[in-house]
Amino acid sequence: METPLSHLAHLEITSPDVEASARFYEDKFGMRIIDRADGNVYLRCWGDYYRYSLVITEGPEASLGRMAWRTNSQEALESAAQRIEATGVQGTWTAGGHGFGKAYEFTGPYGHHMRLFYEVDRFVAEAGFESTYPDRPERRSNHAAAPRFLDHVTVACSDVRGFAKWYNEALGFRVMAFVDLDEAPITVFSVLTTNEKSHDLGVVADTSGRPGRVNHIAFWVDTTEDLLRTADVMMEHGTPMEYGPSIHGVGEQNFLYFREPSGLRVELNSGGYRNYVPDWEANTWKPSEGSNNFYKNGAMPHSMTESFPPAEGFTATEEGASPEMKEALLNPYAKHGRG
């Protein structure tokens, strides 16, 4: 059976101040505003093969509006829709949208809005942005912090293993790793992929009860030196680093995290290994084994446990869970009426 999905094509995020968020991604992060339509701002990285990879839309709070994935063929798109509906999830077909053709849109079982399509507009660089290298969609950005392309998205949900199982069975994602608490077999993180990367979809445990939340969106640069330069440039221009630079144990990517004006967390990655094993079986890590911090010597800030939109409850991270979340997970009597 053909694997339906090829890769993550674009993300739609919401911001209460679209212009402030757009200025941040363009001026500070080095993306380029390529289109404006119906109040939405479309941005691209210099290495994106399609017209854009990030859409900012107006909303009352920071959130993930939709994640969009390209399928491997038109036939794979039809097959993916059938597989999704066989699970009991009902989606809708649309004629397409800005820069893409016929699409299947649905809400996954944990509240995340998804778009699948095959037909897509390839980017053609306008005058002055052409690259001298045939395989590059446009010339390398002259912005010191500019990412090359979109990398992944990490969402939050109430059942990490249930999430991984559904996306594996319905859409063919390979499940690459899990992270369980050291104290108990409670899964707080997983990574999934449509290709040879360690992940283009991550999921953290969420006790909030609010479906469809997101922990962070992530972009890619070629080298560790590029990543360190990005941290330097952004800090010099008023954007602090929330966490990192360092290296994740799961996937072994170099990372750093910061916030955009809406409060949404953005990650930048480089490095990491490639996994081509078709029958890979996901290992289960413990935070003490360096699942989040390869060197096992860094203290992750508590702010990293925040997911979006805001909600009551606790959210885990690659590193595990806060003491408060562990108490809620390990002691069912901690909240009146549970147990």
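Please read these numbers as outputs of a predicted model, since none were measured by experiment.
- Between Q82 and Y104, the side chains place no donor N or O within less than 3.5 Å of an acceptor N or O (distance only, hydrogens not considered).
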Taking it one step at a time, do L192 and M176 satisfy side chain to side chain contact (heavy atoms under 4.5 Å, CB included)? CA-CA 5 Å; L192 303 88; M176 304 306 290; 5.9 Å; no
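- Residues that satisfy the side-chain contact (heavy atoms from CB on, under 4.5 Å) test with E126, not counting sequence neighbours, are R32, I34, F123, F129.
- A side-chain donor-acceptor contact under 3.5 Å links Q253 and S198.
- Between the CG atom of L54 and the SG atom of C45 there is a distance of 8.0 Å, given to the nearest 0.5 Å.
- At a threshold of 4.0 Å, the pair E105-R66 counts as salt-bridged, since one of the basic side-chain nitrogens sits closer than that to a carboxylate oxygen.
- Between E169 and R83, none of the side-chain N atoms (NZ, or NE/NH1/NH2) sits under 4.0 Å from a carboxylate O, so this pair counts as no salt bridge.
- Distance check: E12 CD to R115 CZ gives 4.5 Å after rounding to the nearest 0.5 Å.
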Pair E324, S322 - check side-chain hydrogen bond (donor to acceptor under 3.5 Å, both in side chains), show working. CA-CA 5 Å; E324 298 90 344; S322 66; 3.2 Å; yes
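- Contact check on R148 versus D226 returns no salt bridge, with no Lys/Arg side-chain nitrogen under 4.0 Å from an Asp/Glu carboxylate oxygen.
- A distance of 13.0 Å separates CH2 in W46 from CE in M31, rounded to the nearest 0.5 Å.
- Applying the salt bridge (charged side-chain N to carboxylate O under 4.0 Å, His left out) definition to pairs two or more places apart or across chains, those involving residues 248-268 are E242-R259, E242-R265, R259-E306.
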List the steps, then state whether salt bridge (Lys or Arg N to Asp or Glu O under 4.0 Å) holds for R213 with D206. CA-CA 9 Å; R213 300 174 79 207; D206 183 9; 3.0 Å; yes
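- A cation-pi geometry, defined here as NZ or CZ lying under 6.0 Å from the six-membered ring centre and within 45° of its normal, holds between R161 and F178.
- Ion pair R140/D222 flagged as a salt bridge, since at least one NZ, NE, NH1 or NH2 atom sits closer than 4.0 Å to an Asp/Glu carboxylate oxygen.
- Between S270 and T223, the closest side-chain pair of non-hydrogen atoms is not below 4.5 Å.
- Looking at T87 and W166, their side chains come closer than 4.5 Å, going by heavy atoms from C-beta outward.
- Two residues are said to be in side-chain contact when any heavy atoms from C-beta on lie closer than 4.5 Å; L5 and Y167 fail this criterion.
- Each of T315, V203, L181, V204 was compared with V188 under the side chain to side chain contact (heavy atoms under 4.5 Å, CB included) criterion, and only L181 meets it.
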With salt bridge (Lys or Arg N to Asp or Glu O under 4.0 Å) as the test, would you mind laying out the steps for E183 and K326 before giving the verdict? CA-CA 9 Å; E183 297 84 354; K326 288 180 184 178; 3.0 Å; yes
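- Cation-pi contact between R70 and Y118: present, with separation from the ring centre below 6.0 Å and deviation from the ring axis of at most 45°.
- Here E119 does not pair with K102 in a salt bridge; the nearest charged N to carboxylate O distance is not below 4.0 Å.
- For the ring pair (Phe, Tyr, Trp, His ring centres under 6.0 Å) with Y50, the lone residue among H98, H7, H10 that qualifies is H7.
- With rounding to the nearest 0.5 angstrom, the CG atom of L264 is 9.5 Å from the CG atom of N215.
- Linking Ile, Leu, Val, Met, Phe, Trp and Tyr residues whenever their side-chain heavy atoms come within less than 4.5 Å leaves M300 and L268 in two separate clusters.
- Judged by distance alone, the side chains of T187 and D180 do bring a donor and an acceptor atom under 3.5 Å apart.
- Using bins of under 30°, 30° to 60° and over 60° for the plane-to-plane angle, the ring pair H199/H152 lands in the tilted bin.
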With ring-ring contact (aromatic ring centres under 6.0 Å, His included) as the test, would you mind laying out the steps for F173 and W69 before giving the verdict? CA-CA 12 Å; F173 280 89; W69 302 80; 5.1 Å; yes
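- For A184, the side-chain contact (heavy atoms from CB on, under 4.5 Å) test picks out I186, L330, with sequence neighbours left out.
- Not less than 6.0 angstrom separates the ring centroid of F149 from the ring centroid of Y49.
- Between Y52 and Y42, the ring-plane angle classifies as perpendicular under the 30° and 60° cut-offs.
- In this pair, F255 and Y243 present their aromatic rings tilted. The plane angle is within the 30 to 60° band.
- Closest approach of V179 to S291, counting heavy atoms only: CG2-CB, 3.7 Å.
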